[in-house]
Amino acid sequence: STELRREPRWRLLEDHPTARLIYLSFMTSSLVSYTGFFQVPIPVFSYESMIPKDRLLIGLSALKKSGMIEFDEASETVRIDGWFNERRTPDNRNQLKASIKSYAQVHLPRNEIMARSVAELTLAALKKSRTFRTKSNNPEASHRHRINYVGEVLAFLEQGLHDIAGLETALQEVFSGSDPRLRAYAKEI
């Protein structure tokens with residue numbers, strides 16, 4: 001992202017060039033999914049990024065401390081905070097389905113980190129769906145697209161509330177800090 005250099009958390013990493021390299025390596029890694037939530041086996045990522053394991057762990061700690069990532073050492077999972085910014089929010093139902101499918105990988109832990117990732121996707125998808133009515137010359141098709149897109153989110157959440165630890169809390173947290181109009185829209189749905 002070209003905005004990265006203006007990101008205050010990135011600025012906090014001024015004295016941590018390895019952490020910055022790790023973050024940039026995540027963006028180009030074959031391990032990253034459509035969700036920014038993925039498993040990163042340390043030996044594999046160390047080899048892929050060409051960063052020695054000891055420096056990698058120090059860099060991951062600095063990234064975690066800055067708030068740019070969440071990292072669970074026990075499960076070796078990473079969540080890139082803010083992954084679903086405007087450019088990475090799925091634009092249509094098929095892209096959304098691909099993102100949702102990424103969460104179904106059996107090796108990923110259904111923990112609070114995944115819950116925060118799902119909550120971030122939910123918020124971003126609902127924001128995106130609000131634009132569908134205004135961007136089309138065919139209001140009926142646009143409305144249908146919006147209904148199908150939001151339906152995918154709701155079906156995913158319904159299942160996730162049973163399978164993902166802490167999802168309800170994560171959703172409440174992400175929506176409590178959002179635009180009141182978006183909260184009203186979410187209640188509407």
Side-chain angles (χ1 to χ4, degrees), residues 1-5 7-90 94-125 152-153 156-157 159-171 173-174:
S1 167
T2 57
E3 293 93 33
L4 187 58
R5 66 182 182 274
E7 165 68 52
R9 297 175 301 175
W10 181 257
R11 296 272 185 198
L12 290 175
L13 298 170
E14 184 177 6
D15 296 330
H16 299 281
T18 301
R20 285 181 167 190
L21 177 60
I22 292 167
Y23 189 82
L24 294 173
S25 294
F26 282 151
M27 298 303 163
T28 60
S29 174
S30 62
L31 302 171
V32 175
S33 69
Y34 290 112
T35 63
F37 172 73
F38 53 99
Q39 198 157 35
V40 57
I42 298 302
V44 173
F45 191 69
S46 176
Y47 175 79
E48 187 177 270
S49 65
M50 297 184 287
I51 301 170
K53 182 181 173 182
D54 58 332
R55 289 183 49 213
L56 183 61
L57 292 173
I58 292 167
L60 286 168
S61 178
L63 282 166
K64 185 176 176 179
K65 186 176 179 181
S66 76
M68 291 193 73
I69 68 164
E70 285 186 80
F71 174 62
D72 178 54
E73 209 167 327
S75 63
E76 296 183 314
T77 53
V78 170
R79 179 181 83 87
I80 299 173
D81 187 63
W83 178 263
F84 291 108
N85 65 21
E86 296 295 320
R87 283 187 295 254
R88 290 193 201 98
T89 302
N94 288 336
Q95 289 177 1
L96 180 62
K97 286 167 86 170
S99 292
I100 289 170
K101 188 176 180 181
S102 291
Y103 288 106
Q105 298 174 51
V106 293
H107 65 279
L108 292 175
R110 307 297 187 251
N111 61 13
E112 289 79 12
I113 297 176
M114 179 185 271
R116 284 186 285 279
S117 179
V118 169
E120 186 179 289
L121 169 62
T122 301
L123 180 69
E152 288 293 332
V153 173
F156 177 52
L157 287 178
Q159 183 64 42
L161 287 168
H162 298 290
D163 297 343
I164 303 169
L167 180 55
E168 187 172 344
T169 302
L171 287 165
E173 287 174 4
V174 78

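Annotation: side chain to side chain donor-acceptor pair (under 3.5 Å) contacts of Gln95 (sequence neighbours excluded): none. Checked against salt bridge (Lys or Arg N to Asp or Glu O under 4.0 Å), Glu112 has no partners two or more places apart in sequence or in another chain. For Thr77, the side chain to side chain donor-acceptor pair (under 3.5 Å) partners at least two apart in sequence or on another chain are Ser75. Residues forming a side chain to side chain donor-acceptor pair (under 3.5 Å) with Arg79 (at least two apart in sequence, or on another chain): Glu70, Asp81, Glu120. Partners of Asn94 by side chain to side chain contact (heavy atoms under 4.5 Å, CB included), not counting sequence neighbours, listed by chain and number: Asn92, Lys97. Partners of Leu171 according to the side chain to side chain contact (heavy atoms under 4.5 Å, CB included) rule, which considers only residues two or more places apart in sequence or in another chain, are Ala119, Thr122, Leu157, Leu161, Leu167, Phe175. Remark: His107 engages Gln39, Gln105 in a side chain to side chain contact (heavy atoms under 4.5 Å, CB included) (not counting sequence neighbours). For Ser33, the side chain to side chain donor-acceptor pair (under 3.5 Å) partners are Thr35, not counting sequence neighbours. Residues forming a salt bridge (Lys or Arg N to Asp or Glu O under 4.0 Å) with Glu7 (at least two apart in sequence, or on another chain): Arg9.
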| said: Checking Trp83 against Leu121 for the side-chain contact (heavy atoms from CB on, under 4.5 Å) test, could you report, in this order, the C-alpha distance in whole Å, the side-chain angles of both residues, the deciding distance, and whether it holds? | reply: CA-CA 8 Å; Trp83 178 263; Leu121 169 62; over 6 Å; no
| said: Checking Leu4 against Leu24 for the side-chain contact (heavy atoms from CB on, under 4.5 Å) test, could you report, in this order, the C-alpha distance in whole Å, the side-chain angles of both residues, the deciding distance, and whether it holds? | reply: CA-CA 10 Å; Leu4 187 58; Leu24 294 173; 3.9 Å; yes
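For Ala125 against Val153, the heavy-atom pair with the smallest separation is CB-CG2, 3.8 Å. Nearest heavy atom pair, residue Leu108 against residue Ser102, reads CD1-O, 3.6 Å.
Put simply, the residue from Ile113, Leu31, Ile69 that forms a side-chain contact (heavy atoms from CB on, under 4.5 Å) with Val78 is Ile69.
Distance OG1/Thr18 to CD1/Ile51: 6.5 Å, rounded to 0.5 Å. Going from atom CD1 of Ile22 over to atom OG of Ser29 covers 12.0 Å, rounded to the nearest 0.5 Å.
Among residues at least two apart or in separate chains, there is no salt bridge (charged side-chain N to carboxylate O under 4.0 Å, His left out) pair with a member in residues 45-58. Pairs engaging residues 18-40 under the ring-ring contact (aromatic ring centres under 6.0 Å, His included) rule: Trp10-Tyr23, Phe26-Phe38, Phe26-Phe45 [sequence neighbours left out].
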Listing, residues 58-66 side-chain donor-acceptor contacts under 3.5 Å, not counting sequence neighbours, or none:
residue	atom	partner	partner atom	Å
Lys64	NZ	Phe71	O	3.1
Ser66	OG	Leu63	O	2.8
Ser66	OG	Met68	N	3.3

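Residues Phe156 and Val118 form a side-chain contact, since some pair of their non-hydrogen atoms from C-beta on lies under 4.5 Å apart.
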